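Worksheet: the structure to be examined is printed underneath.
For the single chain, residues carry numbers from 1 onward in sequence order. Atoms considered below: every heavy atom in the structure, side chains included; atoms not considered: hydrogens, waters and symmetry mates. Remember, it's 1-based here, ligands and their atoms both numbered in the order they're listed. Quick caveat: nothing in here was measured; it's all calculated off a predicted structure.
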Amino acid sequence: MAQKMIIDTDTASDDAVALVLALTDARVDVLAITVVSGNVPLDMGVQNALYTLEQCGSSVPVHLGADRPLIREHVFAHNVHGADGMGDIGLPLTGRTPADGHAVDRIIELARQHPGEITLVTLGPLTNIALALRKAPDIAGLFHRVVMMAGTGDHTGNVTPTAEFNIYVDPDAADIVFTSGMPLEMVGWDVSRNDATITPADSARLAATGPLGEFCTSIQRQLVEFCRDVTHIDGFDLPDPVTVAVAIDPTIGTRSIDAYVRVETTGTQTLGMTVVDHLGVTRQPANTKVVLAADRERFVEMLLTACAG
Ligand code: RIB
Ligand code: CA
């Protein structure tokens, strides 16, 4: 039986590859894609998701969610993914029609329809998930797993020295999720930086698989520049796809700890930090499985298989 999945995304160039991974894998039944404002404004994220589904020949419904963080002013990531979020390579990213129904309501409906069965995967800020928990607290116990591209297990940030983008954009929403009691698995940006990097040679192999591989690599144009200039990665890293890979096959995560994690929501230097209690000094019960490493070779093979169709 394929595993039921909901994917919440702020669809930019790495999210798109994550969607391709999930939509082309026979082990997965994507019930809905819900979009949140993050990398790019909400409507752009919706159009990018719809375009990506079209490349996969998928009709999975795409629902609009939150168009801003719960409290803070928005921070986008056009510097990382381009003005259109998809590498600014001239793709026709407008004019597609999303599904009716708000993302938050759809998350609640599906959780209640399929209690204990759904893997919720989050690839952007956690605004939609926090809103769903506030509207329907009962859903905290209704998911099989909640696998999040969120934070960093080693406290190395990509927006500030300690904060990862998805958490930094909406730290208030993130702390609601981390204190919800949901079955959380955190795949931090440290895993991406260390074990989900795509070298130029890997990228050439992916592109050579065909149209889907060409799509997945060509939209990383802006990300390649960001990785060269800011994160000093040769090629590009894929935080959202490695998160989906772990959601599909937990053994892709090769090392993890169960830890107590909270989010800094008021700090000046550390706002948006996922504070992971590695040593248990808080004596608080663990609330998250923190993935700390992944199998890069098997991850790249999953990408090649997905793109080869
Ligand atoms: O920090 C990386 C995360 O922020 C990824 O999900 C990327 O798509 C951006 O949303
Ligand atoms: Ca994302």
**Prompt:** Which is it for Asp10 and ligand 1 at heavy atoms under 4.0 Å: side chain, backbone, both or neither?
**Reply:**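 For Asp10, only side-chain atoms sit under 4.0 Å from ligand 1.
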
**Structural part of Asn39 in contact with ligand 1, heavy atom criterion under 4.0 angstrom** = side chain

**Message:** I'd like to know if the side chain of Asp295 pairs up with that of Thr254 as donor and acceptor (distance under 3.5 Å, no hydrogens or angles considered).
**Reply:**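 Short answer, no.
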
**Asked** Looking only at side chains, do Thr127 and Asp170 share a donor and an acceptor under 3.5 Å apart?
**Response** yes

**Message:** If you count every heavy atom of other residues, nucleotides or ligands that lies below 6.0 Å from Arg134 atom CZ, does the total exceed 12?
**Reply:**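 No, CZ of Arg134 has 12 or fewer neighbouring heavy atoms, counting only those of other groups under 6.0 Å.
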
**Message:** Are there over 12 heavy-atom neighbours, none belonging to Phe299, within less than 6.0 Å of that residue's CZ?
**Reply:**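 Correct, the count exceeds 12.
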
**Asked** Vertex the Ca ion (ligand 2): angle to OD1 of Asp10 and OD2 of Asp240, to 10°?
**Response**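 An angle of 140° at the metal.
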
**Prompt:** With only distance considered, is Gly124 within less than 3.5 Å of ligand 1 through an N or O on each side?
**Reply:**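 In this structure, Gly124 places no N or O atom under 3.5 Å from an N or O of ligand 1.
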
**Asked** Can you check whether Asp15 has an N/O within less than 3.5 Å of an N/O in ligand 1?
**Response** yes

Considering only heavy atoms from C-beta outward, does the side chain of [X] approach that of [Y] to under 4.5 Å?
X      : Y      : answer
Val261 : Asn287 : yes
Leu303 : Ile198 : yes
Asp240 : Val244 : no

Which ligand 1 atoms are under 4.0 Å away from a heavy-atom of [X]?
X      : value
Asp240 : 5 (C), 6 (O), 7 (C), 8 (O)
Glu164 : 1 (O), 2 (C), 3 (C), 4 (O)
Met149 : 2 (C), 3 (C), 5 (C), 6 (O)
Leu123 : 6 (O), 10 (O)

**Asked** Between Arg106 and Glu109, is the closest basic N to carboxylate O distance under 4.0 Å?
**Response** yes

**Message:** Taking N, O or S atoms only and a limit of 3.0 Å, check whether Gly124 reaches the Ca ion (ligand 2).
**Reply:** no

**Prompt:** Is any N, O or S atom of Asp15 under 3.0 Å away from the Ca ion (ligand 2)?
**Reply:**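 Here the distance criterion (N, O or S atom, under 3.0 Å) is met by Asp15, so yes.
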
**Item:** Nearest-neighbour protein heavy atom for atom 8 (O) of ligand 1, which is reported as residue plus atom name and distance
**Value:**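 Its nearest protein heavy-atom neighbour is Asp14 OD1, 2.5 Å.
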
